[in-house]
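This structure is a prediction, so every number in the text was calculated from the model and none was measured. All heavy atoms count here, side chains included; hydrogens, waters and symmetry mates do not. Residue numbers begin at 1 in each chain, while the letters A, B, ... track the order of the sequences.
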Amino acid sequence: MRLIDYKIKGEPIRINVVETEDDLPAFQTFIERNRRLLGWDTETTGLDWWNHDRDFRIRLAQFGNARESFVLPAERGQVYRNAARWALWAAERLVAHNGTFDQHVAEHTLGVPLEKLAPKSLDSKITGHLVDGRKVKEGGPGLALEDQVAFYIDREAAKEIKGSMTAIAKELKVKKEDVWPIVPLDHPDYLLYAGADPMWAYRLLHIHLNRIKAKTKASGLLSWEHRLSHSTARMERRGVLLDVPYAEARVAELKEEEDKWVKVANGLGVEKIGSGRQIAAVLLADGIKLTKKTLKSGEWSMTDDVLSAIEHPLCEAIIKGKKASKQKGTWFENALKNRDSQGRIHPSINSLQCRTSRMTITGAFPAQTVPKGTSYVRHMLLADEGHNWCCTDYGNMELRGLAAWSGDPTMLKAFHENLDLHDMTATTAFGPMPEGGGHHPMRQYGKGANYTACFGGGWNAVHQQYGVPEKEARKVVSAFWETYPRAKALSKRLMDQARRQGGIYTATGRWIPVDVERPYAALNYFVQGSCRDITAQGILRIEKAGYGDFMRLPVHDEICFSFPKEHALELARETKLLMEYTVNGLLIPADPEIGERSWGDVIDLENSKH
DNA sequence: TCCGTTACGTA
DNA sequence: CGTACGTAACGGAC
């Protein structure tokens, strides 16, 4: 056994590194003594756990408590992997930071299924978020392990240990992301980095549990979030089937498009089409007057808006070339590169990520930013063989939520009687509806006011983003608050609470910090955070009802499914009912849309209706 | 190699 | 006093 002694805040800790089979009995003794709660972690060759049948490997498995840990050289042989597997089975409770990743690793390299690990797992990333979900830049702790350690435990140790992998990468002359498969298993700094992780998770958990607000705890969010992360981990494991020929054809097509416009731009003196500086230089040299500057660096602003308003052959080339290039990389190449041996992609679903608790989807397919209104990208994702793709989305979720949680009678009446809220706001500001039916001529302005108010904005935001003239914008925004006085009261109550206590509770009892200088954000945090929990409860109810295997992706107010064709209608109906939720007597409806095979088919179907 | 900035996509 | 994100490219700092 190799021993590494280290100090956290002057207090000694010990890392036991298992080197031979003779060291295993001591490991087993440690696990048996600490089985009630074990911190754990794995080190791997990369993040692509779905390539476990190709070149992905587990390298180390680590277990520990607050002051002592063991590192198993899992890569070196089955006997060590068996020891790790045994420990995972033996533990009564486990805690890891961002543990769903390690659960995927354990399932595929150690043979312990998610279903075995998840029910007894705690995640210090989740508990940390329940205390304070803000990023470092926002003045919060940050959610990454290093940030959490720096904030809650030991700033110096966090810095040192985080820096150690960067230093090793430098020493081995590779990029940091490429260091993981090649760092020698006996590298002392690697072992310190790895051996400290389970201790960090263990300590963080206890620190968090003492700091989660009593109200949040009482509302049961701790168990709810862990069950949700188990469900999203199952979605990650299942993955989504990729239409490989389609994606490949789009890559070829977009490459041609990109090349064509790059050539045009090159001919006009722009070498890199992504360089705003170069574009501005050419335009200025050709006598074009530029007016808009960027906020921080004060460079000429070169957005699509600016470019499309200029008559110059370069502008079209830049807009189209950049678009083709970005689409090619972000969607098609990324998915192709990240597909597993079965042609499936496994986006990373972060079940509790944003400041407001919303989920995010990153990696192989950043699903929450796929272009809407076109099926071009979405055709790449397929339902399983013999299945239909189905999207079920909540209708008007945030405004319905605002109506229900504020209890505003006018807003509630509008939804109960199926009136158009945008028309209603427009009516208050600009006079009665036209005779003979149809929408209010100023409906767009009403819509702008409705959404902007819900997001915490004022007349200027409506003016800028919806192109509403200043006078009308002022009028429609003040009309909003006059028409819906209880919404105003809710906003005021939340702002008062934010000023007094530094944050607000959502409808589900979740604590969200609010910056003192931006109290107007409180209403949006409340609505966004509470709505996220409606989607989350939908996911959990679907899982509980036994339909979890059909879920593919959660996209804020929408869940995507792959349903077997012969039962698609009935499954869509069942899951819709499970998603729907009544808040203070107001239904938040969910509407399924069944397409043919791909996600794009659903969009084509919707478009054909209009 | 790392990181801040700009830009653009979504709910 | 509009909110919340992720990704790509660029270009200066190290």
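Listed pair A:Tyr525 / C:dT3 fails the phosphate criterion, with no side-chain N or O lying under 4.0 Å from OP1 or OP2. Not one side-chain nitrogen or oxygen of A:Arg532 sits closer than 4.0 Å to the OP1 or OP2 atom of C:dC5. Contact annotation: A:Ser297 reaches the phosphate of B:dT6 (side-chain N/O to OP1 or OP2, under 4.0 Å). Using a 4.0 Å cut-off, some side-chain N or O of A:Lys372 falls inside it from OP1 or OP2 of B:dA11. OP1 or OP2 of B:dA11 has not a single side-chain nitrogen or oxygen of A:Tyr451 nearer than 4.0 Å. Considering only side-chain N and O atoms, A:Thr303 lies nowhere under 4.0 angstrom from the phosphate OP1 or OP2 of B:dA7. For the pair A:Lys173 and B:dT1, the criterion of a side-chain N or O lying under 4.0 Å from OP1 or OP2 is not met. Phosphate proximity of B:dT1 to A:Thr166: absent, as no side-chain N or O sits under 4.0 Å from OP1 or OP2.
Of the candidates B:dC2, C:dC1, C:dA4, C:dA4 carries the atom nearest the A:Thr356 side chain, counting heavy atoms from C-beta on. Among the nucleotides B:dT6, C:dA4, C:dG6, the one closest to any side-chain atom of A:Thr360 is C:dG6. Closest to the A:Ser325 side chain, of the nucleotides B:dG9, C:dG6, C:dA9, is C:dA9. Side-chain proximity of A:Thr330 to C:dT7, C:dC10, C:dC1: nearest is C:dT7. Relative to the side chain of A:Asn524, the nucleotides C:dT3, B:dT1, B:dA11 differ in distance, and C:dT3 lies closest. Nearest to the side chain of A:Pro366, among C:dC5, C:dT7, B:dT6, sits C:dT7. Closest to the A:Gln278 side chain, of the nucleotides B:dC8, C:dG11, B:dG9, is C:dG11. Ranking C:dG6, B:dC2, B:dC8 by closeness to the A:Lys176 side chain, first place goes to B:dC2. Proximity note for A:Ser275 (side chain, C-beta onward) versus B:dG9, B:dT10, C:dC10: the nearest is C:dC10. Nearest nucleotide to the A:Met302 side chain, out of C:dC5, B:dA7, B:dA11: B:dA7.
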Inset, instruction - Please assess A:Tyr466 against A:Tyr451 for the test side-chain contact (heavy atoms from CB on, under 4.5 Å), listing each intermediate value before the final yes or no. - result: CA-CA 11 Å; A:Tyr466 286 80; A:Tyr451 277 105; 3.8 Å; yes
Inset, instruction - Run the numbers on A:Lys576 and A:Glu580 for salt bridge (charged side-chain N to carboxylate O under 4.0 Å, His left out), then give the verdict. - result: CA-CA 6 Å; A:Lys576 156 205 161 78; A:Glu580 287 184 339; 2.9 Å; yes
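Residue A:Val462 is out of contact with every strand shown, counting any heavy-atom pair closer than 4.0 Å. As judged by a 4.0 angstrom heavy-atom cut-off over every strand, A:Gly276 is placed among residues making no nucleic acid contact. Residue contacts shown for A:Asp304 are limited to sugar-phosphate atoms, with no base heavy atom under 4.0 Å away. Using a 4.0 Å heavy-atom distance criterion, A:Lys272 is classed as a sugar-phosphate-only contact.
Ion pairing of A:Lys255 with A:Glu258 is absent here, as no side-chain N (NZ or NE/NH1/NH2) approaches a carboxylate O to less than 4.0 Å. Using a cutoff of 4.0 Å between basic side-chain nitrogens and carboxylate oxygens, A:Asp132 and A:Arg134 are scored as salt-bridged. A salt bridge does not link A:Lys320 with A:Glu257: every distance from a Lys NZ or Arg NE/NH1/NH2 to an Asp or Glu carboxylate oxygen is 4.0 Å or more. Note on A:Arg532 versus A:Glu225: salt bridge recorded, some NZ/NE/NH1/NH2 to OD/OE distance being below 4.0 Å. One finds no salt bridge joining A:Arg493 and A:Asp496 here, because no Lys/Arg side-chain nitrogen approaches an Asp/Glu carboxylate oxygen to under 4.0 Å. A salt bridge does not link A:Glu256 with A:Lys260: none of the charged nitrogens is closer than 4.0 Å to a carboxylate oxygen. Under the 4.0 Å criterion applied to side-chain N and carboxylate O atoms, A:Lys263 and A:Asp259 are not assigned as salt-bridge partners. Between A:Asp515 and A:Arg355, at least one side-chain N (NZ, or NE/NH1/NH2) sits under 4.0 Å from a carboxylate O, which counts as a salt bridge.
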Legend entry - DNA chain C base-pair string [pairs: Watson-Crick or G-U under 3.5 Å; |: paired with another strand]: ..|||||||||||.
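As a whole-Å value, the separation of A:Lys175 NZ from B:dC2 P is 9 Å. Between the NZ atom of A:Lys326 and the C1' atom of B:dA7 there is a distance of 7 Å, rounded to whole Å. Here the P atom of nucleotide B:dT10 and the NZ atom of A:Lys323 are 9 Å apart, to the nearest Å. Regarding A:Lys293, its NZ atom lies at a distance of 16 Å from the C1' atom of B:dT5, rounded to whole Å. The distance from atom CG of A:Leu352 to atom C1' of C:dA4 is 14 Å, rounded to the nearest whole Å. Protein atom CE of A:Met165 is 17 Å distant from nucleotide atom C1' of B:dC2, rounded to whole Å. Between A:Arg355 atom CZ and C:dT3 atom C1' the separation is 10 Å, expressed in whole Å. One can place CG of A:Asp393 at 10 Å from P of B:dA11, the figure rounded to the nearest angstrom.
Within 6.0 Å of NZ in A:Lys176 there are more than 12 heavy atoms belonging to other residues, nucleotides or ligands.
Separating the NE2 atom in A:His129 from the OG atom in A:Ser357 is a distance of 6.5 Å, to the nearest 0.5 Å.
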Show each protein N/O and nucleotides 12-14 of chain C N/O combination with a separation under 3.5 Å, one pair to a line.
residue	atom	partner	partner atom	Å
C:dG12	OP1	A:Arg277	NH1	2.6

